[in-house]
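Reviewing the structure listed below.
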Amino acid sequence: MSKIGGIKVDLEKFRPRTDLAVEAREMFVEENPEKKHELDGIIIKEYKKGEIKLTRVEIDEEGSSRVGKSAGKYITIESHRLRDLDRDFALEISSVLANEIKLLMDEHQIKKDAKCLVVGLGNGYVTPDALGPQAVNKVHVTSHLFQFQPELMSNDFRSVSAFTPGVMGLTGMETSDIIFGVVKKTNPDFIIVIDALAARSIERVNTTIQLSDTGINPGSGIGNNRKEVSEKTLGVPVFSIGIPTVVDAVTITNDTIDFILKHFGREMREGGRPARALAPSGMTFGERKIYSEEDLPDEQTRKTYMGIIGSLSIDEKRQLIREVLSPTGQNLMVTPKEVDEVIDHMSEIIALGINQCLHEAITIDNASQFIK
């Protein structure tokens with residue numbers, strides 16, 4: 001229990017929702033600035049290629065207990081150009097995704113002729129949650145051809161099957177139980193699971209792809225935990241691929257306050273007046289503005305603009321907003337208005353990456369021909 005402006009706030013009761021390992025690590029640093037040395041169990045390597053940022057996070061058992069993420073490898077591929085829905089860029093980033101999946105497969109000693117099962121998690125009737133089902137519909141499946149027409153298949157293809165188990169609200173069954181039954185019957189050598197994720201930052205919605213070898217907990221990002229789908233529960237390596245498609249109202253409110261303060265800070269630093277620089281959203285022109293922590297004004301200035309709220313740390317502010325919204329049922333999960341086009345585009349990127357990774361015959365040059 002902590003005090004914020006003289007008010008007691010339970011920081012443990014209202015935890016930020018995120019499925020991303022990089023955000024879980026950021027949360028730990030924000031909440032425990034004096035314990036940065038305790039991140040020894042987490043190795044982070046960052047790379048930049050053009051407009052694509054690649055982050056590899058490796059968490060051991062010690063680091064797992066600190067950040068609340070399973071021990072293993074997490075790869076995030078980030079670019080704001082994903083929101084442009086550009087076809088050429090989709091092919092470029094799908095090739096990066098394919099390469100990262102291959103690296104994970106090599107580390108787990110997945111053989112060239114190993115059978116793969118692709119599982120699309122989520123509710124196909126709810127657009128922000130339909131990433132998995134839509135991606136599965138675009139994956140190039142071949143297991144039936146290997147079974148009934150093997151003469152048509154070359155060594156450049158591998159046996160791939162795919163299905164969508166639905167959600168408990170529609171099937172009445174645990175998703176992991178359905179997957180377990182299919183795995184038991186079909187005996188794949190490894191599994192790729194696709195799911196929509198939740199983020200705790202507006203900036204990462206529809207701009208980040210996370211790949212992991214730790215499996216997945218369906219619904220964990222929105223507080224609806226189901227049994228995990230992992231190597232521990234299924235007996236074969238499980239690779240998960242996800243894209244954050246939603247954030248909660250707490251995140252939007254918190255980020256908006258930060259954007260306002262950073263906007264004021266930048267305008268003051270550049271000699272302008274904040275009030276003069278504010279304009280209706282429909283009247284803004286030019287390139288997208290990018291704010292950084294350097295744009296935040298000092299604590300006294302923040303307090304002048306926002307009172308007690310302005311003097312709070314990022315974590316305190318987020319927890320206070322959550323404690324206000326959650327009991328009233330106002331902490332809604334929100335997705336961008338163009339979500340239909342986004343899910344169609346993102347599911348195609350994931351399918352392009354999976355197809356290139358699993359089948360040597362499919363390359364960046366002909367990948368589009370194998371999308372259903």
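Along the sequence shown, residues carry numbers from 1.
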Between the main-chain N or O of Lys73 and the side-chain N or O of Ser212, is there a donor-acceptor pair closer than 3.5 Å? yes
OH of Tyr125: more than 12 outside heavy atoms within 6.0 angstrom? no
Any donor and acceptor pair, going by atom type alone, linking the side chain of Arg302 with main-chain N or O of Pro297 inside 3.5 Å? yes
Closest non-hydrogen atom pair between Leu97 and Ile77, with its separation: CA-CD1, 3.8 Å
With sequence neighbours left out, write down each residue that passes salt bridge (Lys or Arg N to Asp or Glu O under 4.0 Å) with Lys53, or none if nothing qualifies. Glu46
Step by step, work out the side-chain hydrogen bond (donor to acceptor under 3.5 Å, both in side chains) result for Ser230 and Glu228. CA-CA 6 Å; Ser230 65; Glu228 71 176 62; 2.5 Å; yes
Can a donor-acceptor pair be found between the side chains of Asp248 and Thr251 at a distance below 3.5 Å? yes
Group every Ile, Leu, Val, Met, Phe, Trp and Tyr by side-chain heavy-atom contacts under 4.5 Å, then state whether Met306 and Val250 land in the same group. yes
I'd like to check the salt bridge (Lys or Arg N to Asp or Glu O under 4.0 Å) partners of Asp189; sequence neighbours left out, ordered by chain and number. none
Other residues, nucleotides, ligands: >12 heavy atoms within 6.0 Å of Glu107 CD: yes
Do Asp255 side-chain atoms and Ile202 backbone N/O form a donor-acceptor pair below 3.5 Å? yes
Quick check against the 3.5 Å criterion: does Ser240 have a side-chain atom that pairs as donor or acceptor with the backbone of Gly215? yes
For Ser70, is there any backbone N or O sitting under 3.5 Å from a side-chain donor or acceptor partner on Thr214? no
I'd like to know if the side chain of Ser326 reaches the main chain of Glu323, judged simply by a donor and an acceptor atom lying under 3.5 Å from each other, with no hydrogens or angles considered. no
According to a 4.5 Å side-chain heavy-atom criterion applied to Ile, Leu, Val, Met, Phe, Trp and Tyr, with indirect links allowed, do Ile75 and Val118 form part of one hydrophobic cluster? yes
Considering all heavy atoms of both residues, which atom of Ser159 and which atom of Phe146 are nearest to each other, and what is their separation? N-CE1, 3.5 Å
Quick check on Phe180: does its CZ atom have over 12 non-hydrogen neighbours (other residues, nucleotides or ligands) under 6.0 Å away? no
Decide whether Val126 and Leu170 are clustered together by the hydrophobic rule: side chain heavy atoms of Ile, Leu, Val, Met, Phe, Trp, Tyr closer than 4.5 Å, transitively. no
Any donor and acceptor pair, going by atom type alone, linking the side chain of Asn331 with main-chain N or O of Ala249 inside 3.5 Å? yes
Between Gln356 and Ser94, does any side-chain donor sit less than 3.5 Å from a side-chain acceptor? yes
Could you walk me through whether Asp298 and Thr301 pass the side-chain hydrogen bond (donor to acceptor under 3.5 Å, both in side chains) check? CA-CA 5 Å; Asp298 59 61; Thr301 304; 2.9 Å; yes
Heavy atoms only: give me the nearest Ala199-Arg204 pair and the separation to one decimal. CB-CB, 4.3 Å
Ignoring hydrogens, what is the shortest heavy-atom contact between Ile343 and Pro128? Give both atom names and the distance. CD1-O, 4.1 Å
Over all atoms of both residues, closest heavy-atom pair of Asn355 and Lys138: ND2-O, 3.5 Å
Does the pair Glu231 and His108 meet the rule for a side-chain hydrogen bond (donor to acceptor under 3.5 Å, both in side chains), with working shown? CA-CA 11 Å; Glu231 183 172 4; His108 286 263; 4.6 Å; no
Do the side chains of Ile241 and Val96 join up, straight or via other hydrophobic residues, at under 4.5 Å, putting them in one cluster? yes
Compare every heavy atom of Gly166 with every heavy atom of Thr175, then report the nearest pair and how far apart it is. OG1-O, 3.6 Å
Any donor-acceptor N/O pair, Arg158 side chain to Ala114 backbone, under 3.5 Å: yes
If we ignore hydrogens and angles and just use 3.5 Å, is the side chain of Ser95 paired with the main-chain N or O of Glu92 as donor and acceptor? no
Take the angle between the ring planes of His140 and Phe157 and call it parallel below 30°, perpendicular above 60°, tilted in between. tilted
Could you work out, with salt bridge (Lys or Arg N to Asp or Glu O under 4.0 Å) as the rule, every residue matching Lys112, not counting sequence neighbours? Glu360
Heavy-atom donor-acceptor pair, Asn366 side chain to Ala361 backbone, under 3.5 Å: yes
Let me confirm one number: the NZ-OG distance from Lys115 to Ser143, rounded to the nearest 0.5 Å. 8.5 Å
Side-chain heavy atoms nearer than 4.5 Å, only ILVMFWY residues, links allowed to pass through others: does that put Phe190 and Leu103 together? no
